[in-house]
Amino acid sequence: MDIKYKTETIGEKVYIDDIDINLENTLFSGQAFRWKHDGKGFFGVCFGEAIRVEKQGNRMMIENCNAEFFENKMAHYFDLCKDYSEITKGFEFDEILNASFEFAPGIRVLNQEPFETLISFIISANNNIKRIRLIIENISKNFGQKKEYNGQEFFSFPSVEELSKATEADLAACGAGYRAPYIVDTVSKLADGFDLEAIGNMPYLEARKKLCELKGVGKKVADCVLLYSMGFTNAFPLDVWIKRVVHNIYGFESEKDEEILGFVEDTFGEHAGIAQQYLFYYVKQNKLGIK
DNA sequence: ACCCAGGGTGACG
DNA sequence: CGTCACCATGGG
């Protein structure tokens, strides 16, 4: 169900009118790791470019972005074609999701770059968000390209080729810990022809299975990559917080991942992953579902 | 000192 | 098929 947004381009700024996105909740709900607060807005690095975004009332501004870059990249990055009001309306039967919407409205599930998302979520295993952000920043500083925007220095996330130069010791020095060899192995497979782009066109289960061939990628990490970078809105990452919610709030008893996923699919349907993002942020911020 | 963090791997039944 | 110790690091 595509929606048509209205835009206006002024120089290197694109404005999108009447868009129901909350940038704070979207960029800090644990799906992306490189965005920072920047005055009234946010500064990030997407597709190797510095991007600044800001909400001005119901209008969203994307800075350092012309009309072409917007249509080719950023509109999809922010998932602007999708009608979120229709999707969230489909979840209103659920009390906990309603509470999630009230706590943090306007979350959109991003379509990030697959390689960066893959490496980011390999790092995420048994880790915390603050340290995940730090490690990704260190990797970008050491293996990405140094660039500048408005006198502000920033680093692109490295390409497969650039990250191929990193040794286990290099990545350990970035703070990756025991995940360093996983990253080296995965990057070498990608450099050796493993086709990450092709996975986006596969059926969900096949795509997930393929991703799990990579070191450091299990079902949860695969689901994060599928949901946050490849548009699989049915992918439902099962992390410790979400599992606690399913058990202790929804009252679903089975501990088996595949049975939990069956339950959430039956409950939330084809866009379950979007429900997951709202739930995750809500329960984590409020420390709900513990014990 | 112990437990936890957006888990996964490999070994062992 | 399931279980489980272990993994590097920093914060509570």
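Every chain is numbered from 1, with letters handed out A, B, ... down the list of sequences.
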Who pairs with B:dA1 - Watson-Crick or G-U, where each distance is under 3.5 Å: none
How would you label the contact of [X] with the nucleic acid (heavy atoms, under 4.0 Å): base, sugar-phosphate, or nothing?
| X | result |
| --- | --- |
| A:S120 | nothing |
| A:F33 | nothing |
| A:Q277 | base |

Would you mind checking if A:K210 and A:E213 are paired as a salt bridge, meaning a charged N to carboxylate O distance below 4.0 Å? yes
Would you call A:E49 and A:K73 a salt bridge, using N to O less than 4.0 angstrom? no
Residues A:Y228 and A:N111: side-chain donor-acceptor under 3.5 angstrom: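 No - no donor-acceptor pair under 3.5 Å links their side chains.
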[X] [atom1] to [N] [atom2], straight-line distance once rounded to whole Å:
| X | N | atom1 | atom2 | value |
| --- | --- | --- | --- | --- |
| A:I136 | C:dT9 | CD1 | C1' | 15 Å |
| A:D257 | B:dG6 | CG | P | 17 Å |
| A:R179 | C:dT9 | CZ | C1' | 8 Å |
| A:L261 | B:dG7 | CG | P | 15 Å |
| A:K256 | C:dG2 | NZ | C1' | 9 Å |
| A:L134 | C:dG10 | CG | P | 9 Å |
| A:R133 | C:dG10 | CZ | P | 18 Å |
| A:Q276 | B:dG6 | CD | P | 13 Å |

Inter-nucleotide [atom1] distance ([N], [M]), Å rounded:
| N | M | atom1 | answer |
| --- | --- | --- | --- |
| C:dG10 | B:dG8 | P | 22 Å |
| B:dA1 | C:dG11 | C1' | 14 Å |
| C:dA5 | B:dC4 | P | 14 Å |
| B:dC3 | C:dC7 | C1' | 16 Å |

Quick one: sort the [X] and [Y] rings into parallel, tilted or perpendicular, breaks at 30° and 60°.
| X | Y | answer |
| --- | --- | --- |
| A:F268 | A:Y250 | perpendicular |
| A:Y77 | A:W35 | tilted |
| A:F252 | A:F263 | parallel |
| A:Y281 | A:F103 | tilted |

Count the heavy atoms of every other residue, nucleotide or ligand shown that sit under 6.0 Å from CD of A:E95, and state whether that count exceeds 12.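 Incorrect, the count does not exceed 12.
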Got a sec: does the CD of A:E265 have more than 12 other heavy atoms crowding it under 6.0 Å? no
Can you tell me how far apart CZ (A:R108) and OG1 (A:T88) are? Round to the nearest 0.5 Å.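 Rounded to the nearest 0.5 Å, the CZ-OG1 separation comes to 9.5 Å.
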Grab the N/O contacts between the protein and nucleotides 2-5 of chain B below 3.5 Å, and write none if there aren't any.
from  : atom 1 : to     : atom 2 : distance (Å)
B:dA5 : OP1    : A:R244 : NH1    : 3.3
B:dA5 : OP1    : A:R244 : NH2    : 3.0
B:dA5 : O3'    : A:N127 : O      : 3.0
B:dA5 : N7     : A:N126 : OD1    : 2.9

Is it the case that the base of C:dG2 and the side chain of A:E255 share a donor-acceptor contact (distance under 3.5 Å, atom types as modelled)? no
Per-nucleotide protein contact along nucleotides 8-13 of chain B, 5' to 3', at a 4.0 Å heavy-atom cut-off (B base, S sugar-phosphate only, - neither), is SSS---
